[in-house]
2 protein chains.
Amino acid sequence: MSNHTHSAFCCPDHSGAQGAASILAQAEMRARTMGLRLTPVRLRTLEMLIAAHGAMGAYDVLEQLSAEGYGTQPPVAYRALNWLVEHGFAHRIRRLNAFTACAHPAQDHAAAFLICDRCDSVTEAPAGAVTAALTEAAIAAGFALDRATIEAVGRCNTCAGHPS
Amino acid sequence: MSNHTHSAFCCPDHSGAQGAASILAQAEMRARTMGLRLTPVRLRTLEMLIAAHGAMGAYDVLEQLSAEGYGTQPPVAYRALNWLVEHGFAHRIRRLNAFTACAHPAQDHAAAFLICDRCDSVTEAPAGAVTAALTEAAIAAGFALDRATIEAVGRCNTCAGHPS
DNA sequence: CCTTGACTGTTATGATATAACGTAAGATAG
DNA sequence: CTATCTTACGTTATATCATAACAGTCAAGG
Ligand SMILES: [Zn+2]
Ligand SMILES: [Zn+2]
Ligand SMILES: [Zn+2]
Ligand SMILES: [Zn+2]
């Protein structure tokens, strides 16, 4: 999974050391202010996700963690990843069975994900309006919405116009 | 998966023999007019999904198919299910790793799914407005949207107000 | 007839995810 | 400072979900 390489331009969110550092800084700040324990495994996992561009499968994460001396078994990766997702540092991309760093860990936000079907890049887009519309639809159906998964598939800016 | 039983009121879409028969009729009509081959395995699979209320996992489907004398191996179920999804007779619910019959197979439509986190019921809701908002967000990000997965998690009408 | 393509079935394997349990490190209370 | 409680980490083992690859069937069309 996510064994592709794509242009940095695919991922405005994570582009450049500066973007990555900024995301990481926001995340660490948030962990501190909220009293969340961003332990070494969790931190390394988050760093990996940020560096990855696009999404990483749990077993990709595990492989790296294992190579760095952490645990070698799936629960190690899944625990770190699930914790990051639960606390808003990462998102799960269900279509790809993968995970991606949150691009805006400082703020609470509803996110939609734009998944390129050519290069597998994943972009986090603000989804306030989308969520509002979904809430409407839910209310109309007598459904009390708690949270939602919104994943779009199509062509990213970079891949648009290419064949296949 | 989907080894629960829930009230018929959970599923307005599929409720009663009449709703189910109607969905099936619409589907058969559509298959005929579009020249799609709704073969026995596919038909049985669709009937099962319609009867199931909520979503069925591929292996649930396989078990039933197998019991009815069809193939006994996973590809049998996955092929039927994927075909139904590709041709608009069913939808895949990624959050549940499961499949559900389309409630409106007669028309092309963008759908959102309302998944109850208490009873696992799945309701198909019209998602025109949601998709419009998502398209907006995609355009703003320079992304050419092809299709989307929209899944909401919360409490269905029937389960609302219950504890746990 | 005989090819062609769509469909069904099989075996085998790959990929994703969690249950259950023991140990260690941190926080809290006495 | 220690006993205790809790959280986190690591392991083994297993469950669950999904596909690759190939063989047999059958109907349509030359
Ligand atoms: Zn985010
Ligand atoms: Zn792309
Ligand atoms: Zn539908
Ligand atoms: Zn419910």
Side-chain angles (χ1 to χ4, degrees), chain A residues 1-4 31-32 34-46 48-49 55-87 89-100 120 149 151, chain B residues 1-4 31-32 34-46 48-49 52 54-87 89-100 120 149 151:
Chain A
M1 177 117 339
S2 90
N3 47 354
H4 70 294
R32 210 166 308 118
M34 305 209 20
L36 300 171
R37 295 180 52 192
L38 198 46
T39 62
V41 208
R42 293 169 181 168
L43 178 59
R44 277 304 295 138
T45 301
L46 178 55
M48 278 170 47
L49 291 180
M56 296 182 77
Y59 282 74
D60 294 333
V61 169
L62 178 59
E63 190 176 2
Q64 281 200 228
L65 286 177
S66 162
E68 295 180 14
Y70 297 100
T72 63
Q73 302 305 315
V76 169
Y78 281 101
R79 277 199 291 246
L81 288 165
N82 287 331
W83 186 91
L84 291 170
V85 170
E86 273 164 28
H87 294 89
F89 299 105
H91 298 286
R92 186 169 200 154
I93 309 298
R94 303 206 93 106
R95 177 169 295 263
L96 303 177
N97 291 324
F99 300 81
T100 191
D120 284 336
T149 299
E151 298 178 2
Chain B
M1 180 122 328
S2 90
N3 47 352
H4 70 295
R32 210 169 306 117
M34 305 209 20
L36 300 171
R37 296 182 51 191
L38 199 47
T39 63
V41 208
R42 292 168 182 168
L43 179 59
R44 276 304 295 137
T45 301
L46 179 55
M48 276 170 48
L49 291 180
M56 295 183 77
Y59 281 73
D60 294 333
V61 170
L62 178 59
E63 190 176 1
Q64 280 201 227
L65 287 177
S66 163
E68 295 180 13
Y70 296 99
T72 63
Q73 302 304 316
V76 169
Y78 280 102
R79 276 199 291 247
L81 289 165
N82 288 330
W83 185 91
L84 291 170
V85 170
E86 272 164 29
H87 294 90
F89 299 105
H91 299 284
R92 185 166 199 155
I93 308 298
R94 302 206 94 104
R95 177 169 296 265
L96 302 177
N97 291 326
F99 301 81
T100 191
D120 284 335
T149 299
E151 298 177 2

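Throughout, protein chains are lettered first and strands after them, A, B, ... in sequence-line order, and every chain is numbered starting at 1.
Of all nucleotides listed (C:dG26, D:dC9, C:dA6), C:dA6 comes nearest to the side chain of B:R37. Comparing C:dA17, C:dC7, D:dC9 by their closest approach to the side chain of A:V41 singles out D:dC9.
Between the B:R44 side chain and the B:L65 main chain, no donor and acceptor come within less than 3.5 Å of each other. Side chain of B:E151 to backbone of B:I93: no donor-acceptor contact under 3.5 angstrom is found.
Nucleotide D:dC17 holds its P atom 12 Å from the CE atom of B:M56, rounded to whole Å. The separation between A:R95 atom CZ and D:dC17 atom C1' is 16 Å, rounded to whole Å. Rounded to whole angstrom, the span from the CG atom of A:L65 across to the P atom of D:dA8 amounts to 16 Å. Distance B:R44 CZ to C:dT8 P: 14 Å, rounded to the nearest Å. C:dG9 atom P lies 10 Å from atom CG of B:L62, rounded to whole Å. If you take CG of B:N97 and C1' of D:dA18, they are 10 Å apart, rounded to a whole angstrom. When the P atom of D:dC9 is taken as reference, atom CG of A:L38 falls 10 Å away, rounded to whole Å.
Considering only side-chain N and O atoms, B:T39 lies under 4.0 angstrom from the phosphate OP1 or OP2 of C:dT8.
A search for side chain to side chain contact (heavy atoms under 4.5 Å, CB included) contacts involving B:Q73 returns B:P75, not counting sequence neighbours. When the side chain to side chain contact (heavy atoms under 4.5 Å, CB included) test is applied to B:E63, no partner is found at least two apart in sequence or on another chain. A search for side-chain hydrogen bond (donor to acceptor under 3.5 Å, both in side chains) contacts involving A:R95 returns B:T149, not counting sequence neighbours. B:H87 meets the ring pair (Phe, Tyr, Trp, His ring centres under 6.0 Å) test with B:W83; sequence neighbours excluded.
Contacts of A:R94 with the nucleic acid, taken as non-hydrogen atoms under 4.0 Å apart, are absent.
Near DNA chain C, meaning a heavy atom under 4.0 Å from it, residues 76-87 of chain B has B:V76, B:R79 in order of number. Taken residue by residue, residues 67-75 of chain A places heavy atoms nearer than 4.0 Å to DNA chain C at A:P74, A:P75.
Tested against B:F99 for a side-chain contact (heavy atoms from CB on, under 4.5 Å), the candidates B:V61, B:N82, B:T45 yield a single pass: B:N82.
Residue A:Y59 places a side-chain atom within donor-acceptor reach of the base of C:dA17, judged by atom type and a 3.5 Å distance cut-off alone.
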